[in-house]
Protein chains: 2
Amino acid sequence: MARKRAPGYENQREHILARAAELFALRGYSATSMNEVAVACGLSKPTLYHYFRDKDALLVDIAEGHVLRLQGLVAEVIAAELPAQERLRELIRRFVTEYANAQHAHRVLTEDVKFLPLADQQRILDTERAVVAGFAQAVGELRPDLERAALTKALAMLLFGMINWMFTWLRPKGALGYDDMAPMVADLFFGGLPAVKLVAGASMENAQPE
Amino acid sequence: MARKRAPGYENQREHILARAAELFALRGYSATSMNEVAVACGLSKPTLYHYFRDKDALLVDIAEGHVLRLQGLVAEVIAAELPAQERLRELIRRFVTEYANAQHAHRVLTEDVKFLPLADQQRILDTERAVVAGFAQAVGELRPDLERAALTKALAMLLFGMINWMFTWLRPKGALGYDDMAPMVADLFFGGLPAVKLVAGASMENAQPE
DNA sequence: CCTACCGATCGGTAGG
DNA sequence: CCTACCGATCGGTAGG
């Protein structure tokens, strides 16, 4: 029979991940020392190493945990079986909310995954690709001609660009908040989608998603 | 009388900056050592320090040089006195071209400026703000109601999001290249702009541009 | 312009 | 014999 962990073990792990994500996001992964992480958590460094094998393990848990939650959101929305436009609008709304609640993890995902061993990078990238595919699928239902031209992923990535970039410039202390931005992004995207022209023989096989 | 620099001095500096920008963009600023930069340039570390005072000086020259070129592009296009839509379309086209020619510097600008002393960060950020203002001005001419609602900068930032993010995913070895993306972004943006609704009492004073 | 170093700090782990 | 931790310090390497 498996021995039980101390009761606070998982809570402590989550607390460490949250503090590490904040430090990595603000100062960068390489420039953040394990000692800084430990101090921010009120722990000694050996205690920190009790919860995580090494520095990379922190980064993997932060980035992969975030992207798996995103994949879960996509699955939930798809399961609701909404028409393509409502589905995509709901995806935008939920992603903006999720990003707002996990800004540090999101920044780590987009900026620090390159520091991981290739196997970890690849696994996270594959999950990102599945997320993008969920968005691209809806784009293809709205513009089947883009689907045939293999441009739906490009459009999905332009949409991700608007959303992801938002978290580099919007400081929602003012009157404009994330809740205002989601419909703005959706209106801009759905308004503009019919205006996008086909380009000569495009293929998107060589894109790196998210 | 000022002593003349060796004739190849400026060329050597530019060469070092290009190699350093590539390393910083691929591996991250903090994770790149000055010794790696020196080796990549075929120089000894002391020779590298002959051209640049310290590691930060490399970063400042790369990031500030890039953003000043962008500011120059904005000034050129404004001087052409085109109507707002053509002006913005030309800005998009030129920015995508400039980014494609300076991808490494662009990545350094968007990811590594946070490692600089605050004074340098602030100066670079001010230039970025001027660039964004050039885009936002054109948006305001197309949608004066957004101007009154202080939303033109938010729209300009969504546009920057699409363009900036492009360079994280598009690998233009395939059929789809940067030249194809500029009109796609422009069509999406101009098609969607009329569909954007006003949101309750928004203000953009607290945004961090670029 | 090189070899040879410095003060400090890195990620990770020893003994108890 | 387990877990959860501490004070101290390891071998290497960073920027300069």
Side-chain angles (χ1 to χ4, degrees), chain A residues 1-17 19-63 108 112-118 120-121, chain B residues 3-13 15-17 19-63 108 112-117 120-121:
Chain A
M1 265 198 269
R3 195 81 169 291
K4 245 187 102 179
R5 293 278 194 191
Y9 186 87
E10 272 306 322
N11 287 345
Q12 181 70 290
R13 267 185 68 94
E14 290 304 317
H15 176 243
I16 293 168
L17 286 173
R19 304 299 295 164
E22 183 175 356
L23 287 170
F24 293 168
L26 298 180
R27 298 211 243 268
Y29 176 72
S30 297
T32 304
S33 72
M34 287 299 267
N35 197 47
E36 288 174 312
V37 175
V39 168
C41 298
L43 302 172
S44 72
K45 204 159 40 150
T47 305
L48 173 58
Y49 275 92
H50 171 69
Y51 290 95
F52 294 92
R53 188 178 1 92
D54 54 25
K55 202 184 176 189
D56 280 357
L58 280 173
L59 180 49
V60 166
D61 276 24
I62 292 165
V108 170
D112 294 328
V113 167
K114 61 171 175 258
F115 296 114
L116 287 174
L118 278 178
D120 296 309
Q121 286 189 47
Chain B
R3 193 88 163 287
K4 243 187 108 177
R5 294 280 192 189
Y9 186 85
E10 274 305 322
N11 287 345
Q12 182 68 289
R13 267 184 69 95
H15 176 244
I16 293 168
L17 287 174
R19 304 298 295 164
E22 184 174 356
L23 287 170
F24 293 167
L26 299 180
R27 297 212 242 269
Y29 176 72
S30 297
T32 303
S33 72
M34 287 298 267
N35 196 48
E36 288 174 311
V37 175
V39 168
C41 298
L43 303 171
S44 70
K45 208 160 37 155
T47 306
L48 173 57
Y49 275 92
H50 171 68
Y51 290 94
F52 294 91
R53 188 176 7 89
D54 54 26
K55 203 184 176 189
D56 281 357
L58 280 173
L59 180 48
V60 166
D61 275 23
I62 292 165
V108 170
D112 295 328
V113 166
K114 61 170 174 258
F115 296 113
L116 287 174
D120 295 308
Q121 286 189 46

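A note on names: the letters A, B, ... follow the listed sequences, proteins ahead of strands, and every chain is numbered from 1.
The side chain of A:Thr47 has D:dC5 as its nearest neighbour among C:dC2, D:dG15, D:dC5. Which of C:dG11, D:dA4, D:dG16 sits closest to the side chain of B:Lys45 comes down to D:dG16. For A:Lys55, taking side-chain heavy atoms from C-beta onward, the closest of the listed nucleotides D:dA8, D:dG16, C:dG12 is C:dG12.
Using a 4.0 Å heavy-atom criterion, one finds that A:Tyr51 contacts the sugar-phosphate atoms exclusively.
For the C1' atoms, the distance linking D:dA4 with C:dG16 amounts to 13 Å, nearest Å. Spacing between C:dG12 and D:dA8 at atom C1', rounded to whole Å, works out to 13 Å. Taking atom C1' in both D:dG11 and C:dT9, one finds a spacing of 13 Å when rounded to whole Å.
The interatomic distance linking A:Leu43 (CG) with D:dA4 (P) rounds to 13 Å, in whole Å. Residue A:Tyr49 contributes atom OH, which lies 11 Å from atom P of C:dC10 at whole-angstrom precision. A straight line from CG of B:Asn35 to C1' of C:dC5 spans 14 Å, rounded to a whole angstrom.
The closest donor-acceptor contact from the side chain of A:Glu36 to the backbone of A:Ser33 lies under 3.5 Å. Panel note: side chain B:Thr32, backbone B:Gly28; a donor-acceptor pair is recorded below 3.5 Å.
Within the structure, a side-chain polar atom (N or O) of A:His50 is placed less than 4.0 Å from OP1 or OP2 of D:dA4. Contact check, A:Ser44 against D:dC6: a side-chain N or O comes under 4.0 Å of OP1 or OP2.
DNA chain D forms no stem, meaning no run of 3 or more consecutive Watson-Crick or G-U wobble pairs whose two key distances fall under 3.5 Å.
Here the side chains of A:Val37 and A:Arg19 are not in contact, with every heavy-atom distance at 4.5 Å or above.
Taking the ring centre of A:Tyr29 as origin, the terminal cationic atom of A:Lys55 falls inside the region bounded by 6.0 Å and 45° from the ring axis.
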